[in-house]
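All values derive from a computational prediction rather than experimental measurement.
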Amino acid sequence: MTDTTVSLQSLPAGFVVAPQLPEIFRPVVIRRGLVGLLRGHPTVAIGGALLLTLVLIAVFAPYLGTVDPTALAPAKRTRAPSANFWFGSDVLGRDIYSRVLFGARVSLTVGLSVAIFASAAGLAIGIVSGFIRWADGILMRFMDGLMSIPPILLAIALMALTRGSVGNVVLAITIAEIPRVSRLVRSVVLSLREQPYVDAAVACGTRTPMIILRHILPNTVAPMLVQATYICASAMITEAILSFIGAGTPPTIPSWGNIMAEGRALWQVKPYIVFFPAAFLSVTVLAVNLLGDGLRDALDPRMAKSL
């Protein structure tokens, strides 16, 4: 018999039913799925929406009122933003609006490619280094040597050995970003290999590759995914820096760094040449960082805002 079924007539003399107390804590609402993730973490929704918009702009750039981004028109050079040139024209008469939209393809391709390749390579190195003790000293000393060189200087040195192209830019930045991922994964694996379920798997005679695949790898995906978003943002900034100083993509390929480099000499009189690509780069990096912050809060139980 519950309190709700107890009547006053059935109570002994001298006893009364206690009044119902008000709710102090809000009821726990468990949100699952993509909708619950977006509601519980608005930064994921904002960052994902911005990033998706930029990806769609890059994919459908030829259908958004653009022209050939490499077409020269010396008679129309350095035109201010107008109905004919929405973002103005550069010193060679090229449409900045078209170059900025097509340049999004280069930056997003470099950022996503570096994030994927650096995460895959860093994951393999970090797992082997963290779980296999004899390999730790060899691999981590090599990673320490790479980390002793600033990433931008290492990328410039690697680009100096090759010709300018998008593929070489991706390769140079990937090599510079691998140590960061491998260090993170190694630190996670070092704590995971001491867990009781790993000791139980070893006691049962499970082989090392199966322990890594079943117990170690799934627990490293969440922190590595968050780190990949920051690498993506860092790679886009590094690509813009390389292109700005002339060590990245060739001038024939429109990229945000190239556009800003071509307009830096006219910054005081024609600031729009630098402003629009810089604004797109800033918004893209902001979107990726917001997405990374939201994923960190969503995937890390210690960052939960409510229980």
Could you check whether any side-chain N or O of [X] sits under 3.5 Å from a backbone N or O of [Y], counting only pairs where one atom can act as donor and the other as acceptor?
{"X": "Ser191", "Y": "Val188", "result": "yes"}
{"X": "Ser129", "Y": "Gly126", "result": "no"}
{"X": "Asn289", "Y": "Ala233", "result": "no"}
{"X": "Arg94", "Y": "Thr70", "result": "no"}
{"X": "Ser255", "Y": "Val106", "result": "no"}
{"X": "Arg99", "Y": "Pro69", "result": "yes"}
{"X": "Ser98", "Y": "Val67", "result": "yes"}
{"X": "Ser234", "Y": "Tyr230", "result": "no"}
{"X": "Thr229", "Y": "Val226", "result": "yes"}

What I'd like to find out is whether the side chain of [X] reaches to under 4.5 Å of the side chain of [Y], using heavy atoms alone.
{"X": "Val170", "Y": "Glu239", "answer": "no"}
{"X": "Ile125", "Y": "Val181", "answer": "no"}
{"X": "Thr220", "Y": "Leu192", "answer": "yes"}
{"X": "Cys232", "Y": "Leu112", "answer": "yes"}
{"X": "Ile178", "Y": "Leu146", "answer": "no"}

Where is the tightest heavy-atom contact between [X] and [Y], given as atom of each residue plus distance?
{"X": "Trp256", "Y": "Ser107", "value": "CE3-OG, 3.2 Å"}
{"X": "Ser119", "Y": "Ala228", "value": "OG-CB, 3.4 Å"}
{"X": "Trp86", "Y": "Ala83", "value": "NE1-O, 3.1 Å"}
{"X": "Thr238", "Y": "Ala155", "value": "CG2-CB, 4.4 Å"}
{"X": "Ala261", "Y": "Ser243", "value": "CB-O, 4.2 Å"}
{"X": "Met143", "Y": "Pro179", "value": "SD-CA, 3.7 Å"}

Handout entry: Pair Lys76 + Asp95, salt bridge at N-O below 4.0 Å
Key = no
Quick check on the hydrophobic clustering: are [X] and [Y] connected, directly or via other members, by side-chain heavy-atom contacts under 4.5 Å?
{"X": "Leu139", "Y": "Leu184", "result": "no"}
{"X": "Leu158", "Y": "Ile245", "result": "yes"}
{"X": "Leu101", "Y": "Val59", "result": "yes"}
{"X": "Met140", "Y": "Met147", "result": "no"}
{"X": "Leu153", "Y": "Ile237", "result": "yes"}

Practice task
Would you mind listing every salt bridge (charged side-chain N to carboxylate O under 4.0 Å, His left out) that reaches into residues 164-181, with sequence neighbours excluded?
Solution key: Glu177-Arg180
Practice task
Quick one: which residue pairs count as a salt bridge (charged side-chain N to carboxylate O under 4.0 Å, His left out) with a foot in residues 215-238, not counting sequence neighbours?
Solution key: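 Applying salt bridge (charged side-chain N to carboxylate O under 4.0 Å, His left out) to every pair that reaches into residues 215-238, excluding sequence neighbours, yields nothing.
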Could you measure the distance from the [atom1] atom of [X] to the [atom2] atom of [Y]? Nearest 0.5 Å is fine.
{"X": "Leu171", "Y": "Met159", "atom1": "CG", "atom2": "CE", "value": "9.0 Å"}
{"X": "Ile259", "Y": "Phe102", "atom1": "CD1", "atom2": "CZ", "value": "11.5 Å"}
{"X": "Leu291", "Y": "Leu286", "atom1": "CG", "atom2": "CG", "value": "11.0 Å"}
{"X": "Leu51", "Y": "Leu56", "atom1": "CG", "atom2": "CG", "value": "9.5 Å"}
{"X": "Leu72", "Y": "Asp90", "atom1": "CG", "atom2": "CG", "value": "8.5 Å"}
{"X": "Ser182", "Y": "Ile127", "atom1": "OG", "atom2": "CD1", "value": "11.5 Å"}

Practice task
Give a yes or no on whether Arg207 atom CZ has more than 12 heavy-atom contacts from other residues, nucleotides or ligands under 6.0 Å away.
Solution key: no
Problem - Other residues, nucleotides, ligands: >12 heavy atoms within 6.0 Å of Phe117 CZ - result: no
Practice task
Could you walk me through whether Val110 and Thr249 pass the side-chain contact (heavy atoms from CB on, under 4.5 Å) test, one step at a time?
Solution key: CA-CA 11 Å; Val110 170; Thr249 57; 5.7 Å; no
Problem - Met236/Val114 under side-chain contact (heavy atoms from CB on, under 4.5 Å): CA gap, chis, key distance, verdict - result: CA-CA 9 Å; Met236 288 188 287; Val114 170; over 6 Å; no
Side-chain atoms of residues 269-285: list all donor-acceptor pairs with protein atoms under 3.5 Å, sequence neighbours left out, distances to 0.1 Å.
{"unit_1": "Lys270", "atom_1": "NZ", "unit_2": "Thr78", "atom_2": "O", "d": "3.4"}
{"unit_1": "Tyr272", "atom_1": "OH", "unit_2": "Thr78", "atom_2": "O", "d": "3.2"}
{"unit_1": "Tyr272", "atom_1": "OH", "unit_2": "Arg79", "atom_2": "O", "d": "2.8"}
{"unit_1": "Ser282", "atom_1": "OG", "unit_2": "Ala278", "atom_2": "O", "d": "2.9"}
{"unit_1": "Thr284", "atom_1": "OG1", "unit_2": "Phe280", "atom_2": "O", "d": "2.7"}

